[in-house]
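Reviewing the structure listed below.
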Number of protein chains: 2
Amino acid sequence: MEKEKIDKKDHILDVAERVFSELGFDGASTRTISGEAGVNMAMLNYYFGSKEGLFLAIFKRKMIWFQEQLGILGNDETISSWEKIEKYLELYTKRVVSNNCFQKLLHQELSMQRRGELSDHITDIMLKNVSEVKKLLQEGINNGEFRKDIDSEMVIATIYGTKNFLVNSPQLTSKVLGYDIHVDSVLEEHLKPRVETYLKTLLKSYLLNEHDKPSK
Amino acid sequence: MEKEKIDKKDHILDVAERVFSELGFDGASTRTISGEAGVNMAMLNYYFGSKEGLFLAIFKRKMIWFQEQLGILGNDETISSWEKIEKYLELYTKRVVSNNCFQKLLHQELSMQRRGELSDHITDIMLKNVSEVKKLLQEGINNGEFRKDIDSEMVIATIYGTKNFLVNSPQLTSKVLGYDIHVDSVLEEHLKPRVETYLKTLLKSYLLNEHDKPSK
DNA sequence: TTGGAGTAATCAATCGATTGATTAAATTTG
DNA sequence: CAAATTTAATCAATCGATTGATTACTCCAA
């Protein structure tokens, strides 16, 4: 059955995504993954060719989602540059909750140099995101909304880095913040809005020209 | 000879630190490490008991260095809160260059939940750093230098997160910035001062009360 | 100074366990 | 039936760890 085959493959990808994010590529054995997914070990190779093929399939699947999210902001001419940044931040912090595993997996793999083909793939995915934000920032500079001397690339590093730091080391973050962010409801109701508010305030004070700022 | 034994152990730790940071804990085999260190494989177990013991020894060695760095800022009463933050940023970005491998290793391990004892160790190390910065920020709030509504914990996440994002994925960062940060001299002369300047400007605009800011 | 006993360091060889992958047979599906 | 799927069994390779033998060194008595 075509439909169920896709569902089963999707189920395996879901499980693999989680296990990989928890144990890393080398730490997660094919036996563990197939065991937790409730399928025979040989199925992984039957469906995805190899362990690395399975790993790659996880990213392939998410790429489509990335692309469409990237287009949402698109070329909306009706709102200001700062409002676009705000919208992007809202879109991005939403993923704090929904794509927890994958984001961790992504930056885990980005920090390793080997597995060249895969690393290039992931780098390309990230580059698309980066250039999108860069475009928004440059637009704001050109129309005078933003200060001319902002460091766009560093701003991007701050957006991604701040979030990654918080969600990629949940144990540390939980201790620092005083609530357990492993619990989904806590993530959704406390961390997510807090990060969103903070990043907006932080970037507003850095990006906007003085005369545009509310006196606070 | 006592002296040479320490040197050799130190050499192994140096190599292991690098290899672990490049390949991860599971990806780095004891054979690879001993091979690159130019010692017999059995020496690793002879010196450190096990692979995990070797891994732990890397962190044990760095803990001393951390402790003394933490005390440097100490209770200096002669400078303002903002100047203390500036000094901390300078101290911190210095490590962008000098402790590249270790920092990557640290946050690699922080993002995995298993290896409980070690994770707790690392979390504690980080917590000490965090609480130190938190104290500086709180001090600035209390004496009126900083705005009262700043989110201290998020600021910390920004400082660490921004740097980690840049140095933990050198491949991506190099493409975004347009110069290869794998080269040490580039790291030192371009990325480090850039990060330092950026973080100072970013945090100054967020932390300081309006009336204290230069009109820019 | 020399010789040998005792300790520390190093080595090649190998252990059982686990890894990713493959096979051929069995089962299900259309 | 024929094709697609699923299974258990097994493959060679590699993993971390350990062994016993060997070398290098220290120290003290003669």
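In what follows, every heavy atom counts, from backbone to side chain, and hydrogens, waters and symmetry copies are set aside. Just so it is clear: chains get the letters A, B, ... in the order the sequence lines come, proteins before strands, and each one is counted from 1.
In this structure, I33(A) places its CD1 atom 14 Å from C1' of dA21(C), rounding to the nearest Å. Distance L44(A) CG to dT7(D) P: 11 Å, rounded to the nearest Å. Atoms CZ (F48(A)) and P (dT6(D)) sit 12 Å apart, rounded to a whole Å. Look at CZ on F55(A): it is 13 Å from P on dG20(C), rounded to the nearest Å. The separation between K8(B) atom NZ and dC25(D) atom P is 11 Å, rounded to whole Å. When the C1' atom of dT5(D) is taken as reference, atom CG of N45(A) falls 14 Å away, rounded to whole Å. Distance NZ (K51(B)) to C1' (dT18(C)): 13 Å, rounded to an integer number of Å. Following rounding to the nearest Å, F20(A) (CZ) and dG20(C) (C1') show an atom-to-atom distance of 11 Å.
Contact detail for N164(B) and F165(A): the closest heavy-atom pair is ND2-CD1, 3.8 Å. Between L13(A) and A57(A), the closest heavy-atom pair is CD2-CB, 3.8 Å. A pairwise comparison of heavy atoms in L106(A) and F59(A) identifies CA-CE2, 4.1 Å as the closest pair.
Rounded to 10°, the helix from dT1(C)-dA30(D) to dG30(C)-dC1(D) has 0° between the axis fitted to its first five pairs and the one fitted to its last five.
K87(A) and E83(A) are not joined by a salt bridge, as no carboxylate oxygen comes within less than 4.0 angstrom of a charged side-chain nitrogen.
Side chains of Q171(B) and D120(A): a donor-acceptor N/O pair is present below 3.5 angstrom, by distance only.
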Quiz prompt | Protein proximity profile, nucleotides 9-14 of chain D - base contact B, sugar-phosphate-only contact S, no contact -, cut-off 4.0 Å on heavy atoms | solution = ------

Quiz item: Hey, mind stepping through T158(B) and Y198(A) against side chain to side chain donor-acceptor pair (under 3.5 Å) and telling me if it holds?
Solution: CA-CA 10 Å; T158(B) 292; Y198(A) 164 73; 2.6 Å; yes

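One finds the CE atom of M126(A) at 13.0 Å from the NZ atom of K175(B) (value rounded to the nearest 0.5 Å).
For Y46(A), counting side-chain heavy atoms from C-beta on, the closest listed nucleotide (dA17(D), dA9(C), dT6(D)) is dT6(D).
Between H190(B) and Y179(B), the angle of the ring planes lies from 30° to 60°, which puts this pair in the tilted group.
Both tests hold for K51(A) against F25(A): distance to the six-membered ring centre under 6.0 Å, angle to the ring axis within 45°.
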